[in-house]
Amino acid sequence: MTASNVNGSGEVARPFPEGFLWGVACSSYQIEGAVHADGRGRSVWDTFSHTPGKVLRGDTGDIACDFYNRSDEDLDLLIALGVAAFRFSVAWPRIQPTGSGAVNQPGLDFYRSLVERLLARNIEPVLTLYHWDLPQSLEDLGGWANRDTAERFADFTQIVAEGIGDFGGMWITVNEPQVVASHGYRTGEHAPGHTDDALAAAATHHLLLGHGLALQRLRSALPAARVGITLDLHAVRAQDAEAEAAAAVAEAEQNGLFLDPVLQGRYPALAREHILPPASLIEDGDMELISAPIDFLGINYYSPVYVKLTDTSVPHADETPIAGLPGVATYMPIELPRTSMGWLSEPDGLYDTLIAVAADLPPGCKMYITENGCAAEDYVNPEGSVEDVERIEYLHGHLAAAWRAIQDGVPLAGYFYWSVYDNFEWGWGYQKRFGLVFVEFESQRRLPKRSASFYQGVMSANELPPLDLQIASTT
Ligand code: FCB
């Protein structure tokens, strides 16, 4: 790729506030491997990835980045990167192999040691309790469509809090419940692979309830911990005035379905009936638990969603009809760049999202970007390096948007790049690389990409320099 040098355009460095938390993110099933080690139970992702036709090329997380066995080396890489915080998740089936009952001590010990080794390296652990690896035994009882799973999640939370919680620090209850409910229960693209609106609506409520119950347990077990939830949010844009009503529905179902219960204690009126949890599932006190005060809201932002009115009875390139809304589709404006996921890249969407959410945030509640990043067609060039200029451009654009939001009053306290290492990208297996660190999966060799040194520079200076991709033009 011929790189451009926009430095000299008058662009200036953008300093971030003192104490801004710079980190990287990952999750257990995507990096750990070692699925049979030390008494780990089976998760829904083990089952799903071993089911033919579910994951591209039949990839599984059996080995992944082998982080479970290589964590020392990998944590040393974090020091070289210069990160202040490491967002990881604990695998429920390592700690409670069947999702309830006795604790599997070696599993808990792994995470205790991980936390200790992070602290010894002066890196703040940011712990996510649920990043999608539900114990298969709980799925066999109905998974998140079953209210009891939320109770089991609360018990699991308490085990983790009591077992390794003395570091205080930041806790994220659930990662992207929207994706779990929609992909796991409605479209079937993710584990456990259901395609049932009623199950998805039930999972929606029980994931939120799981968050509320976990929050309650954390408050009593660890009064000093800072607790939040991570939601995947998209800027939802209407193509024109005629599409605004449809875009408002899409927005309510995409963002509001989880944001409104957490921040306001109610489901969004605009979401359609089959998407909303039925009243019969919502028990007294549920919405109070779900909307109990959090210390921060984690936002995962990748791309905007564009909505238009169109003839959905015939297929159009770059349009995806919204199920159940005849004449309405999401579309991909041709003028916007896309990442190798095929996702639109639009930093202004991050800015708009941060501004919109901040307006509804209770006083004192902070925001963190707990994930943001881009997949690219990375490869090791003949000189032995990975010149991932697309990732640097993506990162630069989104950090500039975050900076602008801070200038405009958004209480954004940190940013976590997704992901630190290339890893198992769910239904895409190993075909999509998001990492700052290239992983050669056959040999497990790690190689920091050019974006790693760019990000390292940002973190150490606590400021975003003008974009300068000049050196890349030598390739
Ligand atoms: C998010 C997930 C994360 C990763 C990124 C690309 O939806 O939380 O695990 O797959 O997307």
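For this chain, numbers begin at 1 and follow the sequence in order. Remember, it's 1-based here, ligands and their atoms both numbered in the order they're listed.
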Between Asp46 and Arg42, does at least one N-O distance fall below 4.0 Å, as a salt bridge requires?
no

Do me a favour and list the nearest non-hydrogen protein atom to atom 5 (C) of ligand 1 with residue, atom name and distance?
Tyr302 OH, 3.2 Å

Just to verify, what does Tyr394 make a side-chain hydrogen bond (donor to acceptor under 3.5 Å, both in side chains) with, not counting sequence neighbours?
Asn372

Under a 4.0 angstrom heavy-atom cut-off, which atoms of ligand 1 come close to Phe434?
6 (C)

Is there at least one pair of N or O atoms, one from Glu425 and one from ligand 1, spaced under 3.5 Å apart?
yes

If you scan protein heavy atoms around atom 2 (C) of ligand 1, the nearest is Glu371 OE1, 3.3 Å

Please check whether Trp426 reaches ligand 1 - meaning an N/O of the residue sits under 3.5 Å from an N/O of the ligand, judged on distance alone.
yes

Within the 6.0 Å centroid threshold, strictly below: Tyr368 and Tyr415:
no

Mode of Asn175 contact toward ligand 1 - side chain, backbone, both, neither (heavy atoms, under 4.0 Å):
side chain

Using a plain distance cutoff, I'd like to know if Trp132 has any nitrogen or oxygen under 3.5 Å from a nitrogen or oxygen of ligand 1.
no

Looking at Asp197 and Arg186, is there a salt bridge between them, counting it only when a charged N and a carboxylate O are closer than 4.0 Å?
yes

Atom 7 (O) of ligand 1 has as its nearest protein heavy atom Glu176 OE1, 2.5 Å

Verify ring-ring contact (aromatic ring centres under 6.0 Å, His included) between Trp144 and Tyr130, making sure each step is shown before the conclusion.
CA-CA 12 Å; Trp144 286 107; Tyr130 186 73; 5.2 Å; yes

His131: heavy atom below 4.0 Å from ligand 1, yes or no?
yes

With sequence neighbours left out, what residues match Phe20 under ring-ring contact (aromatic ring centres under 6.0 Å, His included)?
Phe16, Trp22

Determine, step by step, whether Asp109 and Arg112 satisfy the salt bridge (charged side-chain N to carboxylate O under 4.0 Å, His left out) criterion, reporting the C-alpha distance in whole Å, the side-chain angles of both residues, the deciding distance to 0.1 Å, and the verdict.
CA-CA 5 Å; Asp109 289 347; Arg112 164 167 286 285; 5.8 Å; no

Report yes if Trp418 has an N/O atom closer than 3.5 Å to an N/O atom of ligand 1; otherwise report no.
no

